[in-house]
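Structure first, then comments.
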There are 2 protein chains.
Amino acid sequence: MRKKTTITLKHLAEDLNLSVSTVSRALNNHQDISADTKELVCSYAKKMNYFPNLFAKGFRSQKTHIIGLIVPQISNYFTSTVIEGVLQEAEEKGYRVIVSESKNRPDKQEELIQMMRQFGVDGLLLSLTRKTKNVQNIIAAAERIPLVLLDKVSNKIPCTHIIINEEQAAFEAVEHLIHTGKKNIAIIKETEKSFNSEMRYRGYLKALKKHNLPIDEQYILSTEDISLQHGQRLAYQILSLQKRPDAVFTITDDCAIGVIKTFKKLQIKIPDDIAVLGFSNSLNSTIISPKLTTVDQPGQKIGATSVKYLVEEINNENQVISKTVEIKTHLVVRESTLKL
Amino acid sequence: MRKKTTITLKHLAEDLNLSVSTVSRALNNHQDISADTKELVCSYAKKMNYFPNLFAKGFRSQKTHIIGLIVPQISNYFTSTVIEGVLQEAEEKGYRVIVSESKNRPDKQEELIQMMRQFGVDGLLLSLTRKTKNVQNIIAAAERIPLVLLDKVSNKIPCTHIIINEEQAAFEAVEHLIHTGKKNIAIIKETEKSFNSEMRYRGYLKALKKHNLPIDEQYILSTEDISLQHGQRLAYQILSLQKRPDAVFTITDDCAIGVIKTFKKLQIKIPDDIAVLGFSNSLNSTIISPKLTTVDQPGQKIGATSVKYLVEEINNENQVISKTVEIKTHLVVRESTLKL
DNA sequence: CTGAAAGCGCTTACAG
DNA sequence: CTGAAAGCGCTTACAG
């Protein structure tokens, strides 16, 4: 048998011969209430182990103090650090977080947005799935509820965006390769033009241009699913090119690790023959040998910053804000590009 | 300016010249309501894009349809797969999940339990922090709210436990080492007697006993924090033993990878000189070379099963259930123990 | 300084 | 089959 009785304001009021209003005010430290009553009520509430029903409180004040978070996939190291940042900051600001996963399916993403709205979350944090085509519904949602996009964003949706300095990060990474003496740098990016992929590609182009290196079409490779397996596969393609590149920049660590695996199998020397550069600073990047040079993406900070802006917008009432905040990254140089 | 007007039952009722009760019943497919009215109301609701306020619904029915989940750390591959399982099953059952992280701090864990209760979650899923000493408060919480412990559990807390077959899994893993001809098998476990560590240790002992191998105290190593770094450190200690073992079973993959790193640096041949065996089947286990033999822990299944039992308990009203469900694991044999 | 009353959006026992 | 009313636990404008 489970104990059911929960103590409510009414119980306290009856016991103390006070009105519910007075008890409520005393507990909420309202201004015009006598010190004596306040003291009396508070100590009695404590004694009775009273806790306010947050659900009722939220219902009454039309604020749930819940934030919704939708990410494409949780079991991804970077994403999990983003979530950690979100939870931590949310807790500090007094919000709970309902977490959900769109599994990279746009239809599921829409369903979740709908569900979150229906549930009455005070604000929504969204990292878009790949192939988010129909942004109309998302824009419509943003008109009714504070929305912040993070990491995986779209310029077509006007709201606050929290991202990393994608282009600059890629630029610096590729420039690092150039500084180590590499001249024929290949890139592996996504076929689908996701925001992240495109920005990193831009950074790559910018670095080549700045250093007057030619842009060679055969060095620009794309794959649908930017994974370890495809990295392994594309590595063969890279090696079969008429003129072999002397460095490969892949826009994810997973893919870079796939490339390294194939190169090692075929006895290609990394970085002397071909250097490899990733993006994310995943846990794997220090497990693979040689250790991977990569761009560190501060997930916690992205998560925490998103909450900060979202809460600001929630408190800001009707004001819809749209600003883009870029979180700084930094390059972590390791063995896979190290000049000896 | 954000659009604020939300359509409520009252709006629909006024527009249709019906009572709120009737509209509510029509929408909820109540039995005694005329087909005509039902049709009328439903189509109008659809037209007006009405969605019920779930918060109000929950408030009224004293059911929030929210489950609380507390885990020690999210950014851990295994844990993130557990969360995926939880979210998926919860969604199917019509529950939302508030996720939170105790950061392995017992005080924080207690705070979170308190918060979840106060918030009125319908049930609580809890994976304990290491060093959970004071179980009184947790037991007290379980008296008021359905509670299911998962993965990191304690026998001192009477409620449903969803775990893997820890002892059996470790037994089979160590037996596999024995089958490959290893006779002097070391183990690295936790100093702190966590449930998981102790059960795996038991499995280790059981396998040695079954095969009449002596239990050698010097082969039983412990560390506070069972991490990659400590694996690296303990590998030196293992190599300095008077009689070197020919296999090492570490109770986590991370630690095993640390051991492998040190062994490789010192040119120890794996598995010929010393085999290495992990536990978890983390992503890293296939990145390290040689690839790690390990026990696959089906995180998704653990998560999903926990929700299944929790929801059952929620629907079961006052009945407090305490059963232990063991999820089957299986050994994944890879290079680090492969007999040539 | 305190209390009675209304109301947040819904459901449901009661009456008809 | 439909409606009026009560109530879930709280807060707050209004009166005194």
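A note on names: the letters A, B, ... follow the listed sequences, proteins ahead of strands, and every chain is numbered from 1.
Base contact: A:S21 has a heavy atom under 4.0 Å from a base atom. Residue contacts for A:I33: at a heavy-atom cut-off of 4.0 Å it reaches the sugar-phosphate backbone alone, with no base atom in range. In this structure, B:S24 reaches the bases: a heavy-atom distance under 4.0 Å links it to at least one base atom across the strands shown.
The residue among B:L18 and B:S61 whose nearest nucleotide of DNA chain D lies closer to the 5′ end is B:L18. Heavy-atom nearest nucleotides on DNA chain C were determined for B:R60 and for A:N17, and the one closer to the 5' end corresponds to A:N17.
To the nearest 0.5 Å, atom NZ of residue B:K103 and atom CG of residue B:L112 are 10.5 Å apart.
In this structure, B:D122 and B:I145 have side chains that are not in contact, with every pair of non-hydrogen atoms separated by 4.5 Å or more. Side-chain contact check for B:I163 versus B:L150: every heavy-atom pair is 4.5 Å or farther apart.
Checked for salt-bridge contact, B:K93 and B:E89 meet the test: a charged N lies under 4.0 Å from a carboxylate O.
A 3.5 Å limit on both hydrogen-bonding distances identifies D:dC1 as the Watson-Crick or G-U partner of C:dG16.
The two atoms that bring B:H11 and B:I7 nearest to each other are ND1-CA, 3.6 Å, heavy atoms only.
Checked against the 6.0 Å centroid threshold, A:F55 and B:F55 count as a close aromatic pair.
Comparing the same atom, C1', in D:dG16 and in D:dT12 gives a spacing of 16 Å after rounding to whole Å.
The outermost nucleotides of DNA chain D lying under 4.0 Å from heavy atoms of chain A, listed 5' to 3', are D:dG9 to D:dA13.
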